[in-house]
Each structure stands twice: as structure tokens, then as C-alpha cells.
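Lettering of chains follows the sequences in order, A, B, ..., and the numbering in each one begins at 1. All values below come from the heavy atoms of this structure, side chains included, with hydrogens, waters and symmetry mates left out.
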Amino acid sequence: MAKLSAPSGFRDFLPDAFRKRAELMRRIREVYESFGFEGMDTPALENLQVFLGKGGGENEKLMFHVMKRGADLQRSLEKGGQELSDMALRFDLTVPLARYYNTHRAELPAVFKRYQIGPVWRAERAQHGRFREFIQCDVDVLGSASMQVEAEVILATSTALAKLGFSGLTVRLNSRPLLNLLVRSFGIGDEHVAAAFVGIDKLDKVPPEEVKKELLEKGISEAAAAALLAFSAATKTSASAALFDDVSKRTGEAGARHIAQLKEVLALTPELPSGKLVFDPFLARGMDYYTGPIFEIASEGVPFSLAGGGRFDGLVDKIASGKDPAPLPDGRPGGVPACGFSIGFERVLLLMEEKGLFETASRAADVLVVVPSADAAAEALKLGVELRAAGLRADVYPNAGKPVPQYELAQKKGIPYAILADPEKLKSGTLEIRDLATRQNTPVPRAELAQWIKGKLGMIP
RNA sequence: GUGGCUGUAGCUCAACUGGUUAGAGCGCCAGACUGUGGAUCUGGAGGUUGGCGGUUCAAGUCCGCUCAGCCACCCCA
């Protein structure tokens, strides 16, 4: 039994898993770049003030704090142990983006489309599909209030998931301010809106009676809870168009603008390559920084979402001033408009494993040069150079010895071909390529080795 | 963060109600044989029973703490 292990919720990745992860990230990145999103990055740590009170919701409680150091720490301890930390690990990629935009605004285009793939950290108890360190893949557009942005980040995310082999997914769409109005329309006051969101969010997993019980426990009146749940039940079966009418009746004038936005998003979004886009008036999301449309992708039979996002106008301004920017004359939120969508990489990968969506096992290299004896080593290394120059990934076994263990290692690493650097054969100029799966040898002139393998591997168009 | 379940060789597991030097299969290593691999034979290494402490004449088996995994809650990617 290993005495040491990574901390709870943190993981090591063996070469095989690492290859898979890198390959998936590469595919997602390619899709993002095909949309014109630009890559960028921010540090793992931010100054604490960047995170505090910026709408991270519950996640702010789950931050990994970094303690002050040296004299600063001493001073804080002497003051009674208050404010012991001054930095924290990022818990998402959105709040740091707002800080980043603030810092570099002058150097960035007026409309900034970016993608970022990187780890975030949350101090929760680890569970199936939940880790303390996990990768998120975000696309965001800053500087445009157009619903075109919503359509585009939804399309980009759906395309990325399609590229990984997903289909039949549902992207649920709602609006944070609309949900707010809807919840209030049942007579639920400001102080209970958050609790109502949490309850609402559970409706697809927990029976309504349970949710009602919870709502009551949180101080929501019997009448309000009953009305809310009755409405929810009634809308369960409605089609999108009717749903909008139902919600419209309850939210009236104030809700009209948000409904119009959602209809616009639906109208603007092309057919999605990995699923469909639907309006769900009860979709709620944890982050408080959302100010407009919100969206989420769930997969059936899995108790967690694969991706989530929404519009967060004004977050950039809030980072700087600590308060929400003044709303525009027409009631829309002021400040820098922004909207993004985040893929939960770990959950996507977990689901792919459960569904067996990995179509091809990746290989560590294309070919292994087998070194049967020390006097063949120099030629073997040279052969490796030649194969690499020809565009192959060539692994030269790092120790001369019996071929058998070398073949076995190659097979373990998923390497499909081996070339035995036999001194006699090297002299003759024709070597044998061994297909490790079939164990068939094929003699091929040294100069044509790479071409032969590339042909077999489909690397020649 | 709260609560529950689990933790024995690299892997999968065994060891009656606490009782002698903790076992098996697979894997691994060496040798024989082969002589560019999945066979066979022989032999071998490897465990402070996650860690620390306690109860007991005696603990893998009981208790406490701790670490890790899983599950529920909380919440979420």
C-alpha cells in the first residue's frame, strides 16, 4: 500500500490518462479557435479583494486561501488573527477574467473573444464527478451586449462537445432577472429569492413535496410555495412557445424585455451539433454575477451538469469599484457587457469513460526502435533521428537487451510498430518492421521505413 | 464544512465469535527451454494488515485520532 497519496480531491495522472486528457483539451481548443476565440491565461492566485463580494455565491466560501507571509502574518496574528489571508486560488475562470480585462483593457480589442482552459480550485468534499482541483474550458465575449454572443458561446460549446463524441444533449436556457421576477410573482420576498432558487434547482431530482418542505423550512409561505410548485408542474408539459406565454403572464411588463432576449437567442442560434436548445423557466444557477440569459448542459442519468454559463454584464466594473455599475436608462445593466460558457472538463471526461466514447486509444509513440545489443545502440539512436525527421514519433528503447521485453513495453504503451535494430540487417540496408498486434514482420529498406509506417497509420493523405 | 460506509502483497480478494511464523489467484523477477513475445517447468522477491495511539495475556479483527476512497447533505463544472 502506498504510504503517500495526493491530497483528497486532488489527483495524479498516469501517462495513459494524461494522453487522453491532453487529446481532449486539444480538440476543445481547436473548436474554440475555429470560432476565432483567442487563447489567454491568468494566474492561479488572485489578490483576495478580487474575489470577495464579486458574485461567486457559495463558491466564495469554498475558496482555498493563501496565508499572509512573514511580518504581515505576524501583524495579523497580533491583531487577533483577523484577515490572515491576502490571496486565494481562483474558483472559476470568470472572475479572474473580469480582473484581467480591467488590467489590460487598453491593450484589448473593443470586443474581446477569449478562451481559457485551465485548473480551478474549490475546497469542497470530493465525490463522484467533483474534485477540489479541476479543469474548466471557458469561452467568453466581453464588450458586446448583443444576443449574438449568447448564440455564439452556446454554439461553440455544443460544437466542442460534439467534437468529443456527444450527441442528444439538452442546453437549457433561462434568464436570471426573469427567474427573479417569476419567483417574486408568487409572493416570495427578496430575502427568500436565493432559497427559492436552490429549491427550484432541485425540482428535476427531488419530488415536489420534498422541495416544498424545504421551501417552508426556509421561511417561504405555504401559499407562495404551493403556487410556485403548481406553476412548475403545469409548465412541465408545455412546449416552448406556451411556456413563454405562461411566464409572460406572471412577469408582465417587467419580464417582457427578458423574454424577448431569450426568444432572440433561440432565433439566432443555429441548429446545435450535439443537441437542442430549450427554454426552461426554472433553470437557476449558483453564481450571483449573472445579469441576463443563463444556460446549462446536463446529461441524463448524471447528477451534475456538464457545462454552465450566462451573461455577466458589469462584473468587470464591479471588480474595480466594488459595487454594481449604474444601470442604463432603459433598465439594462450598465458597465462592460460580457457573456460566457464553461465546460466542466472532468465531468465530460468521466461521462465519456462511462459511455465508452473514446473511439481510438491514443499511443505514446508511432514506432519503437528495439535495441538488441549494445553495439547496435548508436545506429538505433540514429535511426530514431531519421524516423523523427520524417515526421514520426519514434521511441528508442533506452537499454540494449532481449527484444521480447521491449516488444512488451511497446504494446503496453500502445505503440503499433517496432523496428529491430539488428546489426546484420543494418548492414544490409533492409530492416524488418514488426506489427506488434499481428506479430508479422515486413522487410523494408531503411530509407522507406517512415513512409511505410505513415502509410499504415493513415498519416499520408 | 456535516454525517455514514470502506481501507489486508503491484491488482482482485481470503483469514469462525480477537488467539500460534497473515494466505490464494493473477502479475512481477530469476533460471531452464525458446532464441524476434502470449506455452510449460523450477525457484524467488514482495505486506510495520493506510498511519499514530489505546484496551487486552493476546488485535488485521475492539476503541480514539488521523490520512485516503466512496455515498448522502451542502453546493456545483
Could you measure between the two [atom1] atoms, the one in [N] and the one in [M], and give it in whole Å?
N	M	atom1	value
B:A9	B:C74	C1'	39 Å
B:A72	B:G18	P	33 Å
B:C41	B:C57	C1'	48 Å
B:U8	B:C52	P	16 Å
B:A58	B:C67	C1'	28 Å
B:C16	B:U61	P	12 Å
B:A59	B:G19	P	11 Å
B:U21	B:G60	C1'	15 Å

Below 3.5 Å between N/O atoms, which protein atoms pair up with nucleotides 68-74 of chain B? Just atom names and distances, please.
unit_1, atom_1, unit_2, atom_2, d
B:A68, OP1, A:Ser8, N, 2.9
B:G69, OP1, A:Gly9, N, 3.1
B:G69, OP2, A:Ser8, OG, 2.6
B:C71, OP2, A:His128, N, 2.7
B:A72, OP2, A:Gln127, NE2, 2.7
B:C74, OP1, A:Lys202, NZ, 2.4
B:C74, N4, A:Arg130, NH1, 2.2

How many whole angstroms separate atom [atom1] of [X] from atom [atom2] of [N]?
X	N	atom1	atom2	value
A:Leu368	B:U36	CG	C1'	13 Å
A:Phe197	B:C76	CZ	P	11 Å
A:Tyr407	B:U36	OH	P	8 Å
A:Leu283	B:C76	CG	P	11 Å
A:Leu62	B:U2	CG	C1'	14 Å
A:Arg172	B:C76	CZ	P	13 Å
A:Leu161	B:A77	CG	P	15 Å
A:Tyr290	B:C76	OH	P	10 Å

>> List the residues meeting salt bridge (charged side-chain N to carboxylate O under 4.0 Å, His left out) with A:Arg19, not counting sequence neighbours, and say none if there are none.
In response: A:Asp16

Flag, side chain of [X] to backbone of [Y], donor-acceptor distance under 3.5 Å:
X	Y	answer
A:Asn47	A:Val50	no
A:Ser167	A:Ser274	no
A:Asn102	A:Val316	yes

Do [X] and [Y] have a side chain donor and acceptor closer than 3.5 Å?
X	Y	result
A:His258	A:Ser175	no
A:Arg446	A:Thr430	no
A:Asp92	A:Tyr289	yes
A:Asn180	A:Arg184	yes
A:Tyr115	A:Glu33	yes

>> Closest approach to the side chain of A:Asn441, judged atom by atom: which nucleotide of B:U36, B:C76, B:G38 is it?
In response: B:U36

>> What does the B/S/- profile of nucleotides 39-45 of chain B look like, 5' to 3', with a 4.0 Å heavy-atom cutoff to protein?
In response: -------

> Reckon A:Leu436 touches a base, only the sugar-phosphate, or nothing at all at heavy-atom distances under 4.0 Å?
Replying inline: base

> Which part of the nucleic acid, if any, lies within reach of A:Arg285 when heavy atoms closer than 4.0 Å are counted: base, sugar-phosphate only, or nothing?
Replying inline: sugar-phosphate

>> Please verify the inter-ring angle class for A:Tyr417 with A:Trp452; under 30° counts as parallel, over 60° as perpendicular, anything in between as tilted.
In response: perpendicular

>> For A:Tyr32 and A:Phe37, take the angle between the two ring planes, folded into 0 to 90°, and tell me which bin it lands in: parallel under 30, tilted 30 to 60, perpendicular over 60.
In response: perpendicular

Polar atom pairs between nucleotides 26-35 of chain B and protein, under 3.5 Å, N or O only, would you list them?
none

> Counting only heavy atoms not in A:Glu83, do more than 12 fall under 6.0 Å of its CD?
Replying inline: no

> With A:Asp280, which residues qualify under side chain to side chain contact (heavy atoms under 4.5 Å, CB included), at least two apart?
Replying inline: A:Arg172, A:Phe282, A:Leu283

>> Please report whether the ring centroid of A:Phe231 lies less than 6.0 Å from that of A:Phe186.
In response: yes

>> Tell me whether A:Lys163 is salt-bridged to A:Glu30, with the criterion being a basic N under 4.0 Å from an acidic carboxylate O.
In response: no

> Quick one: stems for RNA chain B, with Watson-Crick or G-U pairs under 3.5 Å, at least three in a row?
Replying inline: B:1-7 with B:67-73, B:10-13 with B:23-26, B:28-32 with B:40-44, B:50-54 with B:62-66

> According to the 5.5 Å centroid and 30° plane-angle thresholds, does A:Phe134 stack upon the nucleobase of B:A77?
Replying inline: yes

>> Which is more 5' along RNA chain B, the nucleotide nearest A:Asp435 or the one nearest A:Ala123? Just name the residue.
In response: A:Ala123

